[in-house]
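Right, one structure below, let's go through it.
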Amino acid sequence: PSRVFFPRGFLWDEGFHTLIVCKWDKDLCYASLESWLDTMTDEGWIPREQPRGPEAASMIPELAEDSREANPPTLLLPILSLFHQKDPLIQTWLLVYYPKLERWFNWLTTSQATGTNFLYKWWGPNEASNLGSGMDDFPRDDFLEGRSHFAKYSLDSHIWILF
């Protein structure tokens with residue numbers, strides 16, 4: 001997003017940004033991954049919007065985050081890219097960061113669960129909110145509303161969890 005209107009990083013976007021960064025600066029790639037993973041709570045939640053630095057923080061008077069709200073785990077994309085490229089540091093890096101990745105996965109699969117086996121939904125502060133999916137302007141399952149008990153589940157959440 002535009003840093004003028006959104007002076008903060010978004011977890012959903014940073015996975016894609018870091019995927020590109022990994023192609024030209026591996027040190028910066030690892031630093032970006034670590035900086036996001038190091039903001040993880042003990043429960044495994046990573047805040048989805050994070051101003052980086054005092055100037056960006058000063059432009060956001062109040063940033064309310066909801067620890068029930070997840071973003072798709074796009075940070076896995078650069079990690080998988082490094083692994084497939086056989087980057088010499090990835091195995092050592094994974095030894096250090098695998099516990100956090102596992103905690104994040106466990107949090108995702110429990111916090112976004114619907115109560116129906118293996119069906120997931122992007123939970124938000126209310127039923128109308130879908131900011132966590134990263135595709136908040138994407139048409140959801142409104143066409144199923146009233147016609148199917150599956151209307152409250154999100155296909156993209158299933159795909160990310162299975163990924």
Side-chain angles (χ1 to χ4, degrees), residues 1-57 59-60 63-113 118-124 129-140 153-163:
S2 165
R3 292 292 187 224
V4 174
F5 296 106
F6 299 101
R8 57 196 174 272
F10 288 81
L11 180 57
W12 158 261
D13 297 325
E14 290 302 315
F16 296 111
H17 298 169
T18 305
L19 184 60
I20 295 167
V21 168
C22 287
K23 300 287 186 196
W24 58 269
D25 189 333
K26 297 278 173 52
D27 291 336
L28 184 57
C29 171
Y30 283 110
S32 177
L33 291 169
E34 292 167 12
S35 75
W36 278 92
L37 292 172
D38 288 345
T39 64
M40 182 183 296
T41 66
D42 291 340
E43 293 77 26
W45 174 64
I46 300 174
R48 65 183 187 83
E49 297 182 38
Q50 298 184 27
R52 298 300 171 110
E55 182 180 0
M59 299 170 73
I60 305 169
L63 180 60
E65 292 273 14
D66 187 328
S67 63
R68 296 171 297 170
E69 204 165 9
N71 262 168
T74 61
L75 291 182
L76 295 176
L77 298 173
I79 295 168
L80 284 172
S81 177
L82 290 165
F83 186 79
H84 289 301
Q85 293 172 28
K86 296 180 176 30
D87 184 76
L89 298 177
I90 191 64
Q91 288 186 350
T92 304
W93 187 88
L94 282 171
L95 287 173
V96 173
Y97 278 91
Y98 183 80
K100 285 191 176 196
L101 294 169
E102 183 178 37
R103 188 173 354 135
W104 189 26
F105 176 78
N106 290 336
W107 178 84
L108 278 168
T109 57
T110 56
S111 68
Q112 305 306 292
F118 307 109
L119 291 177
Y120 299 93
K121 175 187 186 328
W122 299 118
W123 294 97
S129 173
N130 196 37
L131 297 175
S133 74
M135 298 190 302
D136 44 296
D137 56 354
F138 183 78
R140 302 314 291 173
Y153 309 120
S154 304
L155 178 61
D156 54 313
S157 65
H158 303 304
I159 292 167
W160 278 108
I161 296 294
L162 290 172
F163 171 71

Practice item. Measure the CG-CZ distance between L76 and F105 for me, rounded to the nearest 0.5 Å. Key: 9.5 Å
Check your understanding: Does the side chain of D38 come within less than 4.5 Å of Y97's, by heavy atoms?
Key -> yes
Review point. Sub-3.5 Å donor-acceptor pair from the side chain of W107 to the main-chain atoms of Q112, do we have one?
Key: no
**Study point:** Sidechain-backbone polar pair: Y120 side chain, I159 backbone, donor-acceptor under 3.5 Å
**Key:** no
Exercise for review: Nearest 0.5 Å please: distance from the CE atom of M40 over to the CZ atom of R103.
Suggested key: 5.5 Å
Exercise for review: Spell out, as yes or no, whether a donor-acceptor pair under 3.5 Å connects the side chain of S81 to the backbone of L19.
Suggested key: no
Review point. Counting only heavy atoms not in F16, do more than 12 fall under 6.0 Å of its CZ?
Key: yes
Review point. So do the side chains of S32 and V21 get within less than 4.5 Å of each other, counting heavy atoms only?
Key: no
Point to revise | Set of side-chain hydrogen bond (donor to acceptor under 3.5 Å, both in side chains) partners for E43, sequence neighbours left out | key: T41
**Study point:** Gap separating the CG atom of L75 from the CG atom of L33, nearest 0.5 angstrom
**Key:** 6.0 Å
Check your understanding: T39 side chain to I46 main-chain N or O, any donor-acceptor pair under 3.5 Å?
Key -> no
Check your understanding: What is the distance from atom CG of L77 to atom SG of C22, rounded to the nearest 0.5 Å?
Key -> 10.5 Å
Practice item. Starting at CG of D66, measure out to CH2 of W45 and round the result to the nearest 0.5 Å. Key: 7.5 Å
Revision key, fill the gap. Residues N106 and T110: closest non-hydrogen pair is O-OG1, 2.9 Å
Review point. Quick one: side-chain hydrogen bond (donor to acceptor under 3.5 Å, both in side chains) partners of T109, sequence neighbours excluded?
Key: none
Review point. Any side-chain donor-acceptor pair under 3.5 Å between Q50 and W36?
Key: no
**Study point:** Any side-chain heavy-atom pair of Q85 and K23 under 4.5 Å
**Key:** yes
Review point. Within a radius of less than 6.0 Å around CD of Q91, do more than 12 heavy atoms belonging to other residues, nucleotides or ligands occur?
Key: no
**Study point:** L82 and L89, any side-chain heavy atoms less than 4.5 Å apart
**Key:** no
Revision key, fill the gap. Looking only at heavy atoms, the pair that brings L11 and T74 closest together is O-OG1, 3.3 Å
Check your understanding: In Å and rounded to the nearest 0.5 Å, what is the CD to CG distance from E49 to D13?
Key -> 10.0 Å
Exercise for review: Can you label the angle between the W12 ring and the W160 ring as parallel, tilted or perpendicular, going by 30° and 60°?
Suggested key: perpendicular
